[in-house]
Amino acid sequence: MKLISCIIRPYKLDEVREALTQVGVSGLTVSEVRGFGRQKGHTELYRGAEYTVDFLPKIKIEAVVPAELLDGALDAILQSARTGSVGDGKIFVSAVEQVIRIRTGDLDADAL
Amino acid sequence: MKLISCIIRPYKLDEVREALTQVGVSGLTVSEVRGFGRQKGHTELYRGAEYTVDFLPKIKIEAVVPAELLDGALDAILQSARTGSVGDGKIFVSAVEQVIRIRTGDLDADAL
Amino acid sequence: MKLISCIIRPYKLDEVREALTQVGVSGLTVSEVRGFGRQKGHTELYRGAEYTVDFLPKIKIEAVVPAELLDGALDAILQSARTGSVGDGKIFVSAVEQVIRIRTGDLDADAL
Amino acid sequence: MKDIKLFRDMRKGWAILAIGLLLSLLAPLAWAQAAVAAPPLVMHKGDVAWMLTSTLLVLMMTVPGLALFYGGLLRSKNVLSMLMQVMTVFSMIVVLWVIYGYTLAFNGGNAFIGNFDKLFLKGITKDSLAATFSAGVGLPEYVFVMFQATFAGITCALIVGALAERVRFRAVLAFTALWFTFAYLPIAHMVWYGPSGFMFARGVLDFAGGTVVHINAGIAGLVGAYMLGPRLGLGRESMKPHSVTFTMIGASLLWVGWFGFNAGSNLEANGGAGLAFINTMVATAAAVLSWLAVEAITKGKPSMVGGASGAVAGLVAITPACGTVGPMGAIAIGALASAACVWGVTGLKKILKADDALDVFGVHGVGGILGAILTGVFSAPILGGTGFGAGITTMAQQVGVQALGVGITLAWSGGVSLLAYFIVKQVFGLRVSAEAEREGLDISSHGESAYEA
Amino acid sequence: MKDIKLFRDMRKGWAILAIGLLLSLLAPLAWAQAAVAAPPLVMHKGDVAWMLTSTLLVLMMTVPGLALFYGGLLRSKNVLSMLMQVMTVFSMIVVLWVIYGYTLAFNGGNAFIGNFDKLFLKGITKDSLAATFSAGVGLPEYVFVMFQATFAGITCALIVGALAERVRFRAVLAFTALWFTFAYLPIAHMVWYGPSGFMFARGVLDFAGGTVVHINAGIAGLVGAYMLGPRLGLGRESMKPHSVTFTMIGASLLWVGWFGFNAGSNLEANGGAGLAFINTMVATAAAVLSWLAVEAITKGKPSMVGGASGAVAGLVAITPACGTVGPMGAIAIGALASAACVWGVTGLKKILKADDALDVFGVHGVGGILGAILTGVFSAPILGGTGFGAGITTMAQQVGVQALGVGITLAWSGGVSLLAYFIVKQVFGLRVSAEAEREGLDISSHGESAYEA
Amino acid sequence: MKDIKLFRDMRKGWAILAIGLLLSLLAPLAWAQAAVAAPPLVMHKGDVAWMLTSTLLVLMMTVPGLALFYGGLLRSKNVLSMLMQVMTVFSMIVVLWVIYGYTLAFNGGNAFIGNFDKLFLKGITKDSLAATFSAGVGLPEYVFVMFQATFAGITCALIVGALAERVRFRAVLAFTALWFTFAYLPIAHMVWYGPSGFMFARGVLDFAGGTVVHINAGIAGLVGAYMLGPRLGLGRESMKPHSVTFTMIGASLLWVGWFGFNAGSNLEANGGAGLAFINTMVATAAAVLSWLAVEAITKGKPSMVGGASGAVAGLVAITPACGTVGPMGAIAIGALASAACVWGVTGLKKILKADDALDVFGVHGVGGILGAILTGVFSAPILGGTGFGAGITTMAQQVGVQALGVGITLAWSGGVSLLAYFIVKQVFGLRVSAEAEREGLDISSHGESAYEA
Ligand SMILES: Nc1ncnc2c1ncn2[C@@H]1O[C@H](COP(=O)(O)OP(=O)(O)O)[C@@H](O)[C@H]1O
Ligand SMILES: Nc1ncnc2c1ncn2[C@@H]1O[C@H](COP(=O)(O)OP(=O)(O)O)[C@@H](O)[C@H]1O
Ligand SMILES: Nc1ncnc2c1ncn2[C@@H]1O[C@H](COP(=O)(O)OP(=O)(O)O)[C@@H](O)[C@H]1O
């Protein structure tokens with residue numbers, strides 16, 4: 001099984017979720033993160049103090065999928081999350097050795 | 001060393017933490033996430049607008065453990081986080097290549 | 001490519017980010033987490049109720065780097081995040097199999 | 001202590017009371033006759049200005065004041081349910097008040113309850129005047145009706161703090177309607193309706209509502225906490241306040257608004273209002289300091305939740321006393337009551353074993369009781385007070401009467417509460433399901449969540 | 001309904017009006033002469049106390065009240081832009097008001113607009129008095145100027161709710177300045193300036209500003225929503241309120257402050273203020289209950305956003321009526337208008353297809369229109385009211401006149417709005433860029449973010 | 001400018017002053033004798049209504065107003081410490097005020113300080129009256145005592161903004177008690193106690209407390225910022241406001257409440273209050289616009305923190321002036337002072353190099369000084385003002401006297417502050433430990449955290 005971890009623009013979340021369910025991904029976990037990269041941040045001013053904000057709000061999606069779903073899922077993300085401007089984000093894929101469903105104790109593919 | 005990453009119900013956090021410390025896990029890191037899966041969400045209404053909330057509040061626990069602790073830790077989580085209803089969450093296990101304790105520079109098993 | 005995942009003290013974030021860019025890390029993703037470990041928490045009181053807070057606010061930085069940058073990056077983090085007192089945090093390194101830049105579809109090293 | 005009939009009527013009323021409670025149903029008739037001979041009341045615009053202001057201050061105490069004070073102390077998944085309960089209960093009571101509440105509390109009747117002559121505010125126009133405490137001085141009756149409406153509203157809203165995080169919304173409304181009718185109205189009549197009200201007639205001092213409002217609501221809350229049972233996870237899961245800042249805003253608005261409550265209860269803008277005002281200010285200030293001092297000594301750290309609680313404790317305790325004690329007595333009352341309430345929310349709470357979630361009894365009950373008793377003490381001229389209730393001459397006697405007032409209120413309100421909760425439990429059920437409670441009342445009962453990034 | 005000239009002048013004014021609109025420019029001259037013979041006005045300190053309080057209450061309705069009510073309903077990336085717009089618009093209008101607004105609205109002129117005699121408040125000192133509704137009773141003119149300034153300020157601030165989350169800051173300021181000058185000032189003059197104001201002269205009842213404030217702002221908002229187009233992602237992305245708690249605080253402060261608005265419009269602290277007060281209280285309470293009941297029946301769950309919206313709907317609807325209906329009529333108006341506004345923000349909204357982000361038309365427009373019409377109904381003495389407008393004898397006639405007032409306001413304000421938005425669009429552009437909208441107005445327009453851990 | 005003795009006493013007092021400062025200790029004696037012959041004061045209910053309202057408005061300025069304005073600008077780990085400091089300082093000062101503050105500030109004594117005759121409010125009853133500015137008009141003395149108590153309370157609370165995020169809680173309390181006694185009381189006596197007060201006697205105009213409150217607190221804050229040293233991480237870590245929404249609520253409540261401060265300082269509900277009211281409104285509105293304009297020009301984006309700061313700057317600057325300038329002068333003062341304060345929190349701040357965390361000196365100090373000077377300018381009848389201080393005939397002279405007032409206040413308060421901080425540092429230490437500062441004062445000093453999901 002593979003863990004797909006992707007960083008996307010916050011307002012793309014619903015589109016990406018729909019695209020992933022379409023291709024058969026049955027579950028995912030989302031967190032609010034802040035990203036630093038090529039996309040430039042902005043400056044904030046509070047009275048005398050000026051802060052350069054380098055970190056921009058992003059959404060991280062983590063989905064563990066069976067290996068056979070991987071390519072479909074990557075495609076789905078690429079289609080739905082792309083706007084073409086700097087800051088669209090990245091997808092990282094890594095290996096997962098074991099999956100357990102807490103409710104039932106089901107293992108691996110059965111647990112997804 | 002292994003990274004145990006598990007998604008649980010928020011109110012189970014304290015129980016799971018206790019169960020894990022019991023079996024010898026010395027540290028862990030927790031984040032607030034939102035999960036999408038079999039458990040159905042709910043509908044929210046704001047004047048004319050109706051929003052279907054598919055993402056439910058969950059807690060993600062990440063703990064890196066020496067391989068020999070893995071089974072005990074998994075058991076501890078399964079015991080303490082289970083309620084038996086849909087939405088109890090998942091456990092994902094993956095490999096960690098290197099661990100460093102920032103304070104001391106200790107490596108791997110010593111760093112945990 | 002390697003995923004460096006490190007837990008640090010919140011107020012060290014800017015220093016660590018600078019240190020990492022210095023050594024050539026071009027992007028990273030940050031989340032607010034709560035950590036449990038050797039560093040002791042504190043007690044909070046609300047009228048009659050006393051809560052022991054074991055989880056302390058921490059920052060998690062995730063950066064995917066080409067293997068050749070790994071050592072430099074680890075050093076940079078160790079230098080910039082260390083204070084020497086308990087609670088400085090940990091660094092975890094694991095393998096990443098694939099990286100894609102959503103905007104362009106660039107793969108792996110090109111995507112970073 | 002409040003009287004909306006003419007001063008002259010009052011003396012006639014006294015004669016009637018002497019004939020006994022059995023004849024009391026004839027009182028309205030006698031009063032109606034007496035009214036003919038009464039001297040005309042004169043309205044003062046300064047009084048109207050102050051009483052309009054006071055009335056809106058009591059509204060502000062409730063929404064947003066009390067709602068925030070309570071809501072901030074809850075977990076974020078239940079904050080809206082609290083705001084809803086406070087606002088809806090207040091709204092419902094205001095409507096019931098103008099329909100039948102006002103006439104039952106403040107119009108004729110016997111020693112325990114008024115009559116129905118002003119049902120739907122019958123007969124009141126914008127030119128009607130209600131008597132104040134000064135002979136010949138009248139207030140537009142609509143203003144008096146509204147001022148009292150806000151008292152009834154906030155009292156009922158106070159109760160819900162004890163039921164927080166688990167009660168059904170419709171159960172709150174049903175209970176409140178019953179309790180308002182069978183506990184609030186009679187107690188208000190007994191304490192404030194002169195001269196015939198049962199406690200009024202006995203010289204109970206309660207300038208602005210220590211018994212009618214705070215003890216009354218405190219015991220109703222406590223009974224409710226027992227009937228509902230504790231929240232799921234109590235003592236195991238963290239139930240930390242989700243926003244102490246909101247709680248502090250709420251406590252501050254309670255402090256600000258309470259001047260309407262206390263100095264407004266003087267019904268006139270004069271030196272008497274000034275006395276109630278200064279007492280309310282210094283008692284609260286002393287109570288804040290006292291709670292913080294106790295915390296600093298016993299736990300090592302004074303806290304904001306403590307400071308806010310102290311302010312409310314002081315305000316509760318000075319409520320019955322503010323018109324009859326001196327500023328130094330007020331400082332003493334505030335400081336003592338605040339310290340007592342620290343015990344109310346810690347030691348006593350452990351003894352009572354009820355999950356009175358927001359310490360309605362610990363603060364309003366304990367502070368109210370102590371305030372009522374200390375009113376009997378510090379009203380003594382020798383301690384800077386302005387004197388005892390009508391016909392009372394010694395401090396011991398006054399304290400006794402005050403204790404009687406406390407006892408009647410606890411018993412009556414407690415009994416009515418028990419019955420009302422029981423009825424509501426049978427009809428609707430009191431608690432939401434365990435799953436709904438876990439999910440939080442905001443989503444499960446109201447289909448909303450309070451915050452979103 | 002407001003008259004700051006002497007009663008006697010008013011009758012002289014009537015004679016002049018008869019000569020016709022073409023001669024109306026001579027009116028100021030005639031008035032000036034008449035003033036000589038007027039009996040001296042007497043100031044009452046109680047009135048001053050109440051009107052100072054009322055004025056600051058209307059300020060509090062705006063900042064922080066309205067700002068929070070609106071701001072809480074937005075996404076957190078746009079909350080500061082709303083707070084900014086409300087505060088800045090209010091500030092700008094206050095300054096424009098003392099420069100030329102007051103004189104154009106409330107000083108002489110013809111049936112449609114005043115004159116320039118009091119430009120920069122020329123001639124007013126701390127001893128100047130303005131007439132109230134009672135013969136011979138005067139209010140310090142500075143106080144009247146300020147009371148009215150806050151009305152102009154909040155009306156302009158109301159509009160921005162319809163434009164939220166996408167409008168340019170400078171466009172808001174430019175539009176508001178134009179609309180204030182060419183829509184607010186004439187409508188205020190027509191409705192409130194007696195006896196010559198066009199609607200005033202026809203007997204339109206609008207005690208505290210249903211037409212001038214709410215319908216006026218409601219239609220300006222609706223036109224703006226059409227001109228701007230919908231927010232990016234509307235219907236696709238979640239646009240949940242970021243803090244319903246702030247919205248509830250805002251609604252509560254609107255409720256509290258509205259007593260300044262409504263009972264303050266009586267200009268004196270007397271039984272008339274008491275009537276406006278009680279009507280405002282009970283109509284709002286009934287409206288809260290009504291909205292929640294409709295929600296509970298149609299959607300299964302009553303909500304806090306609903307309760308808060310219901311309160312505002314009730315307040316809007318009772319505004320024109322509060323001085324001339326009875327409390328039971330007020331309950332009916334509140335309950336009916338609230339139910340109508342539920343439709344305004346759901347059914348009607350779907351029909352109109354405009355992204356009126358915060359339902360300015362759905363609540364202020366619909367509630368204002370219904371309130372204006374129902375004022376014609378419930379002012380009837382037979383329904384507990386105090387009677388119809390000058391020269392009007394039947395309910396049908398009054399309702400007709402009210403409908404005329406509504407129609408004129410909708411047409412005039414709608415037309416001016418259209419033109420003003422058009423001009424501003426050409427000069428500055430109305431909307432921020434798509435990227436700025438995605439990022440949120442707080443950062444893109446103001447260089448700030450509201451919250452930080 | 002405030003005088004609680006009879007008008008007649010005042011003239012007698014002048015004669016005494018002429019004999020010189022050395023004899024000033026005899027003044028109380030002389031006053032006591034003079035009192036016998038004074039005409040009786042008459043109370044007006046309208047005044048009482050307004051002054052009760054004004055007093056609670058100043059309380060509302062402090063809690064929750066100032067607390068939120070300050071608290072929102074801090075990081076979330078320190079917000080409760082600020083709310084605590086504001087509420088506790090206010091409470092402590094109120095208690096000290098009724099014990100010895102009132103008598104030392106407002107009762108007899110010499111040119112620099114009062115006497116101890118009214119220690120513990122000795123001799124004051126609910127029938128006592130204090131003189132207002134109009135001959136023969138009295139206010140219940142309890143009301144005056146409370147009105148002034150809130151001034152003392154908010155002044156001391158203002159200071160803590162400069163010390164934020166690092167000061168020890170007990171150090172705040174100890175410092176404040178010292179500073180109140182040795183700086184606030186003498187300055188209040190010198191400026192407001194007529195006719196003997198040192199600055200009062202020289203014709204310093206300070207209607208509502210520009211010197212006594214704002215300059216006084218501003219310099220005390222600045223000295224404290226130096227004594228404490230900068231916050232850890234200043235300039236390196238982000239110290240962004242955790243909730244600009246709270247700051248905006250706070251600024252709004254300051255604006256609303258300030259009418260109690262300024263128009264309340266008139267002590268009567270009449271045209272004079274109306275003048276102070278309109279000046280406060282328009283100066284603030286102009287100041288909001290001015291700050292935003294400066295920001296828009298110099299930085300490209302007007303901000304909400306800027307708008308809120310502008311409002312406060314305008315309010316500060318108009319405080320001494322509001323009773324003696326005209327509305328157009330007020331607009332000028334507001335606009336100028338606001339622009340000056342932008343410099344105060346940027347350019348000047350860089351020069352001063354003190355970590356005055358919340359710009360107490362940059363806003364209250366700079367705004368207060370400019371306001372004091374401009375009061376001398378715009379009080380000139382030729383600029384729409386009502387005239388100069390007693391015995392002063394030219395603008396230059398008045399400006400000179402104003403500058404003298406500023407200078408004395410800066411020197412006296414600065415000196416006392418230095419000493420008081422030094423003492424407190426020796427006894428308790430001023431700062432928390434570095435670890436406690438990193439963790440945040442909420443948890444380290446108060447054992448709480450403000451927010452929880
Ligand atoms: N090496 C990296 N490791 C982890 N996260 C990264 C890395 N590079 C970029 N990111 C994440 O991806 C987001 C987008 O990256 P950015 O370089 O701004 O744009 P793009 O992906 O279009 O090149 C960043 O905000 C950050 O959250
Ligand atoms: N494939 C997945 N990848 C990542 N997280 C998942 C995945 N499936 C489920 N989750 C997480 O687990 C939570 C529980 O899953 P759900 O299917 O609702 O119930 P259950 O685990 O009882 O089958 C989800 O809310 C989500 O956070
Ligand atoms: N085994 C672990 N797995 C995951 N996170 C850990 C683990 N041990 C520690 N951490 C994280 O590192 C933080 C610091 O650890 P701690 O033991 O307190 O101090 P130190 O790193 O100095 O030994 C913890 O708060 C937690 O977030």
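Chain A is the first sequence line, chain B the second, and so forth, proteins listed ahead of strands; every chain is numbered from 1. Keep in mind it's a predicted model, so treat the numbers as computed, not measured.
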Between C:R101 and A:R38, does the side chain to side chain contact (heavy atoms under 4.5 Å, CB included) criterion hold? Intermediate values first, please. CA-CA 12 Å; C:R101 185 196 306 278; A:R38 273 172 195 76; 3.2 Å; yes
For the atom pair OG1 (C:T29) and CZ (A:F55), what is the distance rounded to the nearest 0.5 Å? 9.0 Å
Answer with side chain, backbone, both or neither: which region of A:S85 has an atom nearer than 4.5 Å to a non-hydrogen atom of chain C? backbone
Chain C contact via A:E32 - which portion, at a heavy-atom distance below 4.5 Å: backbone
Pair count under 4.5 Å, heavy atoms only, with chain C: among A:T83, A:I77, A:L74, highest is A:L74
Please tell me if the side chains of A:F92 and C:I100 come closer than 4.5 Å, counting only heavy atoms from C-beta onward. no
Minimum heavy-atom separation for C:T104 and A:R82, please, with both atom names. C-NH2, 4.1 Å
In terms of heavy-atom contacts, C:A95 and A:S94 come closest through O-CB, 3.5 Å
Name the option with the most non-hydrogen atom pairs under 4.5 Å to chain C; the candidates are A:G89, A:G35, A:G37. A:G89
Go through the atoms of C:I59 and report whether side chain, backbone, both or neither lie under 4.5 Å from a heavy atom of chain A. side chain
Using non-hydrogen atoms and a 4.5 Å limit, figure out which bit of C:T21 sits close to chain A: side chain, backbone, both or neither. side chain
Using a 4.5 angstrom heavy-atom cutoff, name the option from C:E62, C:K60, C:M1, C:E97 with the most pairs to chain A. C:E97
Side-chain contact test, heavy atoms from C-beta onward, threshold under 4.5 Å: evaluate it for C:Q98 versus A:I91 and give yes or no. no
Measuring only between side-chain heavy atoms, which start at C-beta, is C:L13 closer than 4.5 Å to A:R34? yes
Option passing side chain to side chain contact (heavy atoms under 4.5 Å, CB included) with C:I102 (candidates A:I8, A:I7, A:V16): A:I8
Considering non-hydrogen atoms only, spot the tightest contact between A:G84 and C:R103 and give its length. O-CD, 3.5 Å
Residue part contacting chain C, namely of A:L3, when any heavy atom lies under 4.5 Å: neither
